[in-house]
Amino acid sequence: MMRLDRLLATLALGSRAQVKDLIRQGRVQVNEATATNPALNVADTDRVAVDGQHLDTRTRRHLMMNKPIGVLTAARDRRQPTVMDLLSPLYISCGCMPVGRLDKDTEGLLLFTTDGQAAHRLLAPQNEVPKVYWARVSGCLTAQTVQRFAEGIALSDFTALPASLTILEAGPDESVAEVLVHEGKFHQVRRMFGACGHEVLALKRLRFGPLTLDEALSPGQCRELSDAEWQSLLGEVAFRA
Ligand code: URA
């Protein structure tokens, strides 16, 4: 249950004062009857309309974004664009937040949810949710690097868990690979390659748990997850949190 004025404000129909006016003007209907009391409690199953147009009243939302390069994963930044600037007001006012972070120069799959607890579980190190990255790196990747990734790489402050490196192209100057990791520490993939003498020139996240980046999304675009996608993601962390 939620107060009608709060629901309308959460659905980004205006400030609390503006939606109260809408209600008092008799422009809001609940289950086909005009509702003039802003404090009316509405349930998930109630049908709410404004000027006869039915609203999608879901306040729990889950999204995937194809994060573009050059955008911070942060709530707000006074100087630089953030992923929040790319969300429509509806998702902001529903309280969607990014699930973890990608570096400013990393692109690809970034999830958002209004479910803070689920986000917490998806990020909990003990749940080891797998993530797959595509990387273009300097130098020639060899079987030796594959071996080092598989053994787990000692970094200055922690040892990265064993990861699987698949070489897609190995040239004398640059190589391309996919990396499967089970953790998400700061700059992890860049640091793992760095420890093996390869600079990461481009990095894109392709997978998070069971979800694959929707290639129909151009950089900066996002779409809602289907129920099946969200459930598959929750399945990834069920009974393990
Ligand atoms: N590893 C990195 O180094 N950067 C990212 O953005 C994600 C994983």
Side-chain angles (χ1 to χ4, degrees), residues 63-77 79-87 96-113 118-139 141 145-146 148-169 174-215 217-222 233 236-237:
L63 310 172
M64 77 160 67
M65 175 185 281
N66 184 359
K67 177 198 171 291
I69 291 168
V71 172
L72 294 180
T73 311
R76 283 271 165 264
D77 193 272
R79 276 181 227 103
Q80 303 191 63
T82 76
V83 290
M84 301 308 280
D85 298 325
L86 300 170
L87 293 188
C96 277
M97 293 300 286
V99 179
R101 61 185 301 283
L102 291 176
D103 297 338
K104 184 179 173 190
D105 292 328
T106 303
E107 59 184 326
L109 177 54
L110 182 64
L111 298 173
F112 291 79
T113 180
H120 187 73
R121 278 191 287 144
L122 288 164
L123 296 172
Q126 67 271 24
N127 283 328
E128 297 186 9
V129 174
K131 291 132 202 140
V132 174
Y133 294 85
W134 173 95
R136 190 160 55 80
V137 302
S138 65
L141 288 173
T145 323
V146 174
R148 285 198 64 193
F149 271 61
E151 283 166 359
I153 296 175
L155 300 169
S156 58
D157 48 344
F158 75 102
T159 298
L161 287 175
S164 133
L165 176 67
T166 307
I167 300 173
L168 303 176
E169 285 169 37
E174 285 183 14
S175 302
V176 176
E178 269 186 23
V179 192
L180 170 74
V181 293
H182 292 273
E183 53 196 342
K185 300 238 169 55
F186 186 61
H187 286 170
Q188 173 147 358
V189 174
R190 290 175 201 276
R191 291 181 66 198
M192 288 167 76
F193 277 114
C196 301
H198 299 277
E199 187 192 349
V200 171
L201 307 171
L203 191 61
K204 180 175 185 175
R205 184 153 69 194
L206 303 177
R207 259 185 53 203
F208 188 105
L211 301 186
T212 300
L213 176 66
D214 185 339
E215 290 293 345
L217 295 173
S218 39
Q221 280 189 326
C222 59
L233 202 51
E236 192 77 14
V237 290

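Given the structure is predicted, the values throughout are model-derived calculations rather than measurements. First listed ligand is number 1; within each ligand, the first listed atom is number 1.
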Output a table of donor-acceptor pairs, distance under 3.5 Å, between side-chain atoms of residues 154-169 and any protein atom two or more places apart or on a different chain; print 'none' if there are none.
residue, atom, partner, partner atom, Å
S156, OG, R191, NH2, 3.2
D157, OD1, R191, NH1, 3.3
D157, OD1, R191, NH2, 2.8

### Where R205 and R207 come nearest, the two heavy atoms and their spacing
CG-O, 3.5 Å

### Query
Does H198 reach the main-chain N or O of S138 with its side chain, forming a donor-acceptor pair under 3.5 Å?
yes

### Query
Quick one: salt bridge (Lys or Arg N to Asp or Glu O under 4.0 Å) partners of E107, sequence neighbours excluded?
none

### Query
Residues in salt bridge (Lys or Arg N to Asp or Glu O under 4.0 Å) with D85, at least two apart?
R76

Distance dump, ligand 1 polar atoms to protein, N/O, under 3.5 Å:
residue, atom, partner, partner atom, Å
ligand 1, 1 (N), V189, N, 3.1
ligand 1, 3 (O), H187, O, 3.3
ligand 1, 3 (O), Q188, N, 3.4
ligand 1, 3 (O), V189, N, 3.2
ligand 1, 3 (O), R190, N, 3.0
ligand 1, 4 (N), D103, OD2, 2.7
ligand 1, 6 (O), D103, N, 2.7
ligand 1, 6 (O), D103, OD2, 3.4
ligand 1, 6 (O), T106, OG1, 2.8

### Message
Out of the candidates H187, K67, R190, only one should pair with T106 under the side chain to side chain donor-acceptor pair (under 3.5 Å) rule; please name it.
### Response
R190

